[in-house]
Protein chains: 2
Amino acid sequence: MAGVSEATVSRVFSEQDAVKEHTKQKVLAAAKSLNYYPNVMAKNFAKRKSGNIGVILPYLPKVKLFSVYYFSEILNGIGEAIEKEGYDMLLLFQRVGQPYDYKKYFLSHKIDAAIILGAKDSPEERDSLRELRDADFPFCLVNQHFDGEQFCEIDAEHVAGSYAAVTHLIEQGCQNIAFLNGPLAYSNSLDRLKGYQKALQDHGLSGQEQAVFYGQYSLTSGYKVADDLLSGQLYDGIAVANDRMAIGLMQRMKELGIKPGADIAVVGYDDSDASAMCDPALSSVHVPFFEMGKRSVQRLVNQLAAPHMKLFQEKLETRLLIRESSQRNQVK
Amino acid sequence: MAGVSEATVSRVFSEQDAVKEHTKQKVLAAAKSLNYYPNVMAKNFAKRKSGNIGVILPYLPKVKLFSVYYFSEILNGIGEAIEKEGYDMLLLFQRVGQPYDYKKYFLSHKIDAAIILGAKDSPEERDSLRELRDADFPFCLVNQHFDGEQFCEIDAEHVAGSYAAVTHLIEQGCQNIAFLNGPLAYSNSLDRLKGYQKALQDHGLSGQEQAVFYGQYSLTSGYKVADDLLSGQLYDGIAVANDRMAIGLMQRMKELGIKPGADIAVVGYDDSDASAMCDPALSSVHVPFFEMGKRSVQRLVNQLAAPHMKLFQEKLETRLLIRESSQRNQVK
DNA sequence: ATGAAAGCGCTAACAG
DNA sequence: CTGTTAGCGCTTTCAT
């Protein structure tokens, strides 16, 4: 390899070079025999691109985010797409409580684009996101929507999803339907609340709109709110904003001798694995989290390739999944 | 900031510089006001360190790894520790079927150390890992053990765990216990098989060692193997190598009118969320996945700091978790 | 201690 | 089209 600089070697790998195939093969072979691997740090540094897509996750010590169905499904989708696109997936933890500074990841050149998961709606968050957008840093929010802002987003139709769930209860004959929601700081929760209210209204049941309870989207919170929810007025149907809370609620119901499904109908949200494993199996609203994760990567990669046409906002379909116990295993 | 080169600015950030506090503050303030962020690519390149710890996951299109309880818990632990240690977490997907080439990540300078999850025992895998070890690249296998090799590993006591599970069944009065295992390519499975056999032997039940069935660690595989498992000889207890298979199995049992827990005792493995959500709640072997993930990062970080004392092999404790329905929610 | 300069391994721009 | 060269923004080394 005398006279051939390493720099020359790496150039050979790039596709736009229309070198003679013969030469190319020779160099490639030489590279392999010399155990030469291009230094990607040097490459990225010279190109001023990190080659990473950052996935920004809220981080609370002790909260096991990867174990949350909705996160893990989105991550599955992101991982699949990133792998295919040839980028690397850098996980970044945004400590909850710490001041938001998304732009630091871009300015320090850690990432070329960001996918932001689990964003809450707050003035600081909005400021931080506006900063990104104004600086033209490619980013995408998944399963979140900021009303009135022009951010790139891949969301799902949560108003419709919730509407379908409540309508399902009504069609089963429920007349007095409670809604167990998650924190309203998530646009999801707000959307689902709207769906609930609209469904009641459209079916002439709006007299009881105040039957809204709140948990933290955790199993425990569903369990805990159960006593409150089941104590006063008797509901004949409960729509729950996610499956984990629904399962916690059902556990408490069973302890109290109330049969979920028979005595009080329950419908969940997310179509998580758990909704098929619990007993009775939980009808639930399916959200295409996997697809949403994939889609976000594709959009960002497009945007990196063609920095025009910057804004994209997409709302993917949800659909109610009615789960009879006999269907359980066809679901997978 | 006239006269002060950018290089100087970034030097001020490093800790070993015993600059006067006053000056330091001034430069920091100047840096902030100028919106200066050090370019980590340049830094890493100059230091010949990527700042990344790679997490290598097996990857099969369509298989949603993040949704597997055991992976997600380990990832939670890894994430927590990496965040604390100031490294970045780079997710790398090892396509199943593709030739193993772990060293490329090191040689291309993508990562400083690697955590390898879900490794199967095969000659190619062993070769690939030996290559890493011989080249002194820091890596750590989590929840996996290669017998006869000197690799860095954080494993759990799966023989003991399985032994405890089977013993639990025996203590409940079971006399004829089947074992539903996962693929033997995972050291876990082999360990659990040993625990099962040993427990039978120690309790004078070794006449039926052949009652071993195999699934793929998935819910569906547990469901499918059920007919086979329940058709011939009648077992009064079934130990299952993970919760998902156990839940699938129980679903099928219920469909067949067999009451899990009452007619045939079932015990699971992993202590996953699902084991507390299913009905009846599943007694299961708890494995400290989260801690194992954390530990692997700490070990690697130590090793990066002090490249001597390279080998570490740790086996964390497992423990049987007997879940009465009343305990369900105290578990969390 | 402080400042200047070399160099990390590539890419990109530019000559030949 | 091929080969040379100047950076990329830091760290490290070396004079001062």
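So that the names make sense, note that chain A is the first sequence line, chain B the second, and so on, each numbered from 1.
- Annotation: proximity of residues 102-111 of chain A to DNA chain D (heavy atom, distance under 4.0 Å) is found for no residue.
- Taking atom CE of residue B:Met41 and atom P of nucleotide D:dT11, one finds them 14 Å apart after rounding to whole Å.
- Atom P of nucleotide C:dA12 and atom CG of A:Asn44 are separated by 11 Å, given to the nearest angstrom.
- In the set D:dG9, D:dT11, D:dG7, D:dG9 carries the atom at the smallest distance from any side-chain atom of B:Ala42.
- For B:Cys140, the side-chain contact (heavy atoms from CB on, under 4.5 Å) criterion is met by B:Val142, B:Ile154, B:Ser296, B:Leu300, B:Phe312, not counting sequence neighbours.
- In this structure, the CG atom of B:Asn39 is 18 Å from the P atom of C:dC8, given to the nearest Å.
- Partners of B:Glu85 under the side-chain contact (heavy atoms from CB on, under 4.5 Å) rule, at least two apart in sequence or in another chain, are B:Tyr87, B:Val297, B:Gln298, B:Val301.
- Dashed line: the shortest gap from a side-chain N or O of A:Tyr37 to OP1 or OP2 of C:dC10 is not under 4.0 Å.
- Identified under the side chain to side chain donor-acceptor pair (under 3.5 Å) test for residues 75-84 of chain A, with sequence neighbours left out: A:Glu73-A:Asn76, A:Asn76-B:Ser67, A:Glu80-B:Tyr59, A:Glu83-B:Arg95.
- Of the candidates C:dT11, D:dG9, D:dT11, the closest approach to any side-chain atom of B:Lys43 belongs to D:dT11.
- Screening residues 98-113 of chain B for salt bridge (Lys or Arg N to Asp or Glu O under 4.0 Å) gives A:Asp88-B:Lys110, B:Asp101-B:Lys103, B:Lys103-B:Glu131 as the qualifying pairs, with residues at least two apart or on separate chains.
- Ranking D:dT11, C:dC10, D:dC8 by closeness to the A:Phe45 side chain, first place goes to D:dC8.
- Checked against the 6.0 Å centroid threshold, B:Tyr100 and B:Tyr102 count as a close aromatic pair.
- Under the side chain to side chain donor-acceptor pair (under 3.5 Å) criterion, A:Gln98 pairs with no residue, sequence neighbours left out.
- Taking only side-chain atoms of A:Arg48, from C-beta outward, the nucleotide of D:dC8, C:dG7, C:dC10 with the closest atom is D:dC8.
- Between B:Tyr36 and D:dC10 there is a side-chain N or O to OP1 or OP2 distance below 4.0 Å.
- Atom P of nucleotide D:dT13 and atom NZ of B:Lys47 are separated by 12 Å, given to the nearest angstrom.
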